[in-house]
There are 2 protein chains.
Amino acid sequence: MSKKPSISIIEVAQLAGVSKSTVSRVVSDRGGSVSPEAEAKVLAAIEELGYIRNHIAVGLRTQRTWMVLIMVPDIANPFWAETARAAQDGLEAAGYSVVIGNTDWNEVRQERYLGLARSGRFDGLILNSVTNDLEAIRSMRIPTVLLGERSENPCLDTVGTDTLAATRRALDYLWATGHRRIAIATSEYGSERFLSLRRRAYADFLAEKGLSLDPAIVFQIRLSEEGGRELARSILALPDWQRRIDSIFCGNDVLAIATIEALGEAGVIVGRDLSIIGLDDIPAAAHCRPALTTVRKQREKTGRAAAELLLARIADPERPFEKRLFPGELVTRESVAERRADQ
Amino acid sequence: MSKKPSISIIEVAQLAGVSKSTVSRVVSDRGGSVSPEAEAKVLAAIEELGYIRNHIAVGLRTQRTWMVLIMVPDIANPFWAETARAAQDGLEAAGYSVVIGNTDWNEVRQERYLGLARSGRFDGLILNSVTNDLEAIRSMRIPTVLLGERSENPCLDTVGTDTLAATRRALDYLWATGHRRIAIATSEYGSERFLSLRRRAYADFLAEKGLSLDPAIVFQIRLSEEGGRELARSILALPDWQRRIDSIFCGNDVLAIATIEALGEAGVIVGRDLSIIGLDDIPAAAHCRPALTTVRKQREKTGRAAAELLLARIADPERPFEKRLFPGELVTRESVAERRADQ
DNA sequence: CTGAAAGCGCTTACAG
DNA sequence: CTGAAAGCGCTTACAG
């Protein structure tokens with residue numbers, strides 16, 4: 001395990017009896033301009049020496065690393081895992097290696113990864129940003145695609161779900177099943193310029209139905225298991241909560257499922273005492289009890305689209321920004337009760 | 001989004017009126033040997049120019065990238081996600097950036113990532129290998145720690161759970177609750193030199209109890225949701241299966257939970273008609289119905305230990321190999337029935 | 001404390 | 001088809 005002497009093209013060239021230019025020509029697969037004999041000698045020397053191309057050096061020279069970084073906020077959430085996997089497929093097919101950065105909803109970590117990108121280590125970035133400072137990301141001038149819409153006029157390529165419409169679909173379903181005291185629980189990146197799309201859909205919905213927005217039932221919460229336990233506590237702590245809330249739209253399934261679980265431990269039966277609807281449709285949504293009614297996001301398509309847009313951006317840095325949003329699809333299961341509409 | 005002109009220490013040096021050596025001394029944090037005035041001028045120039053250090057170049061020069069790659073077979077499995085997260089904490093504290101590679105149980109992908117490592121992009125590797133060719137990994141001479149014991153005499157640093165003991169614990173519990181026709185379902189990396197530790201524990205257990213090994217109830221299956229559906233099908237396809245199997249040890253929780261689910265759809269009630277015990281204790285184990293009895297692995301400790309061993313290896317490439325195994329802990333829930341011991 | 005110079009391992013016009 | 005040379009952006013002895 002000692003520092004390997006690191007054999008380079010120079011040694012290969014010597015052994016093969018050619019110049020290092022020639023060695024470089026054969027190892028860099030840009031084909032052409034090497035005689036079969038020379039190539040054979042070089043290949044033999046490479047084999048004999050166990051030469052391995054140093055991509056750090058290649059990267060320095062060519063300004064290309066053939067690596068792409070996908071940054072997600074929660075590696076343990078299957079939604080991200082599967083979206084990343086789909087993107088990975090598309091990128092690898094184009095010759096890139098993909099590597100994942102877990103920001104853990106943490107700005108410091110995100111900054112750290114962005115620093116990596118800035119310092120030339122990746123040819124492209126796919127990320128779900130933990131912050132709203134998209135401008136900072138854009139100004140890095142690294143090909144980037146955003147996973148998840150963050151504003152309506154993007155300054156970056158964007159792929160994701162039409163969150164406004166998906167949230168609306170969930171809310172409409174709650175309404176149709178007779179719910180009138182609908183709460184929302186979602187994370188908030190906290191600037192008024194970038195009011196979360198889920199929150200905006202919620203506000204629009206209430207306004208349209210002539211309902212007033214009760215700040216006490218707008219929960220700002222991390223979209224995680226921990227958030228779910230916290231949400232359950234917040235609900236239960238609300239004086240006379242059953243009068244004030246008959247249903248909750250949760251910002252994602254992980255939160256929804258954890259909330260159901262935590263509420264269950266407190267004796268509240270979701271799907272009867274309280275309705276919960278999620279967003280994502282991760283595998284666990286079908287497995288938990290009660291099974292979660294939710295709005296499905298199209299992970300596969302989203303991931304693939306992310307890869308496509310990134311490849312297009314790398315190929316042409318000047319092309320206009322593109323946004324590709326996919327519709328969500330309602331999946332009804334057991335966590336939403338049917339109430340009489342006049343209740 | 002055009003190629004940035006990439007301002008380097010040369011421009012900074014010019015603007016600051018010093019040599020690039022001096023600039024380098026201030027940006028490389030090895031402190032020392034720069035006058036306060038020079039430093040101030042350099043810092044000002046950096047600020048004005050928006051200089052960003054190119055780590056590809058640094059990496060080429062210093063042979064250090066300050067990046068570590070963690071390779072896991074299934075990013076969507078919370079077990080890996082959390083273990084990786086713990087390792088990430090330890091590594092970042094030491095100044096490294098960590099990035100995750102998802103091999104998806106795929107040798108080609110693993111090879112691709114190893115290629116990245118070989119070509120100088122990472123200072124260290126933490127991986128759960130999809131193959132048994134540990135020698136190939138060792139011979140790369142890159143600081144590496146294995147996540148998960150693969151053989152008893154390791155040629156690499158290893159951290160993980162004492163799989164032999166953990167499996168044994170699960171089997172003993174099945175025995176203690178009266179099960180006598182115990183099946184096993186786990187993946188197999190397929191060489192006799194490296195018989196899976198789970199399988200070995202199983203064989204030892206049967207031998208000790210004087211039970212014969214029935215190959216028909218030794219299921220070789222991928223440790224995934226898909227594997228669970230396949231396993232359910234295999235069980236159901238076995239003629240007179242209820243006579244032949246009263247319980248199954250599943251190689252991990254993802255497999256166990258998916259199997260419970262699939263069996264449930266076929267009308268088999270786990271915890272009554274059949275007992276299932278898992279390994280890992282992922283969050284879903286507590287949430288599924290019936291809740292899964294399993295053996296808990298210590299993800300946090302494992303991840304931390306991986307970081308520690310890797311750091312130690314990087315610091316001293318010649319130190320003897322170390323193996324750190326943590327015990328598993330039985331967590332009883334609902335998926336294992338209590339049978340009369342004489343049944 | 002500071003600068004000139006060599007060099008990390010490669011690629012790429014430029015001649016030939 | 002092939003080689004000599006310059007250079008990617010940095011670091012690091014070596015002098016001073």
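Quantities reported herein were computed from a predicted structural model and do not represent experimental measurements. Every chain is numbered from 1 and lettered A, B, ... according to where its sequence line falls, protein lines coming before strand lines.
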Atom CD1 of A:I7 and atom C1' of C:dC8 are separated, to the nearest Å, by 15 Å
Atom CD of A:Q14 and atom P of D:dG3 are separated, to the nearest Å, by 13 Å
One should report the stems of DNA chain C, each a stretch of at least three consecutive Watson-Crick or G-U pairs at distances under 3.5 Å, as C:1-3 with D:14-16, C:5-12 with D:5-12, C:14-16 with D:1-3
Distance between the C1' atoms of D:dT12 and D:dG16, in whole angstroms? 16 Å
Testing D:dC1, D:dA4, C:dT11 for proximity to the side chain of A:S19, the answer is D:dA4
Comparing B:S35 with A:Y51, nearest DNA chain C nucleotide closer to 5' gives the residue B:S35
Point to revise | Test item: A:F122 and A:V68 side chains (from C-beta on) under 4.5 Å apart, heavy atoms | key: no
Taken to the nearest whole Å, CZ/A:R118 to P/D:dG9 is 18 Å
Picking from C:dC10, D:dT11, D:dA4, the nucleotide nearest the side-chain atoms of B:K20 would be D:dT11
**Prompt:** Under 4.5 Å between any side-chain heavy atoms of B:L325 and B:T161, yes or no?
**Reply:** no
By nearest-nucleotide position on DNA chain D, the 5'-leaning member of B:I56 and B:S21 is B:I56
_So A:T22, base contact, sugar-phosphate only, or nothing? Heavy-atom distance under 4.0 Å._
sugar-phosphate
Task: Exercise: do A:T65 and A:D123 side chains pair donor with acceptor under 3.5 Å - done: yes
In whole angstroms, the gap separating P of D:dC8 from CG of B:N54 amounts to 12 Å
Winner on side-chain proximity to B:V18, out of C:dG9, C:dG3, D:dT11, is C:dG3
Any non-hydrogen side-chain atom of A:V99 less than 4.5 Å from a side-chain atom of B:I100? no
A:I9 CD1 to C:dC8 P, in whole Å, measures 11 Å
Original post:
Do A:E322 and A:R313 meet the salt-bridge criterion of a basic N to acidic O distance under 4.0 Å?
Top reply: no
Quiz item: Between A:D104 and B:R85, is there a salt bridge with N-O shorter than 4.0 Å?
Solution: yes
* Would you indicate, yes or no, if D:dC8 has its OP1 or OP2 atom less than 4.0 angstrom from a side-chain nitrogen or oxygen of A:R64? => no
Here the distance between atom P of D:dC1 and atom CZ of A:R25, to the nearest Å, is 10 Å
From the candidates D:dC8, D:dA13, D:dT2, the one with an atom nearest any side-chain atom of A:L60 is D:dC8
Comparing nearest nucleotides in DNA chain C, the 5'-proximal residue of the pair B:A57, B:P36 is B:P36
Under a 4.0 Å heavy-atom cutoff, the residues of residues 39-46 of chain A touching DNA chain D are none
ask   = If you take atom types as modelled and just measure distance, does the side chain of B:R61 reach the base of C:dG9 with a donor-acceptor pair under 3.5 Å?
value = no
From the candidates C:dG9, D:dT2, C:dA4, the one with an atom nearest any side-chain atom of A:S8 is C:dG9
- prompt: Phosphate oxygens OP1/OP2 of C:dG9: is one of them under 4.0 Å from a side-chain N or O of B:Q63?
  reply: yes
Would you call B:K41-B:E37 a salt bridge at under 4.0 Å N-O? no
Strictly below 4.0 Å, N to O, side chains only: are A:E135 and A:R138 in salt-bridge contact? yes
Atom CH2 of A:W66 and atom P of C:dC10 are separated, to the nearest Å, by 18 Å
Practice prompt. Look at B:R25 together with B:E39 and state whether they make a salt bridge at an N to O cut-off of under 4.0 Å.
Written response: no
note: A:R121, atom CZ; D:dC10, atom P; distance rounded to Å ~ 13 Å
Residue pair A:S97 / A:E92, side-chain donor-acceptor N/O under 3.5 Å: no
Looking at B:E308 and B:K301, is any side-chain nitrogen of the basic one under 4.0 Å from a carboxylate oxygen of the acidic one? no
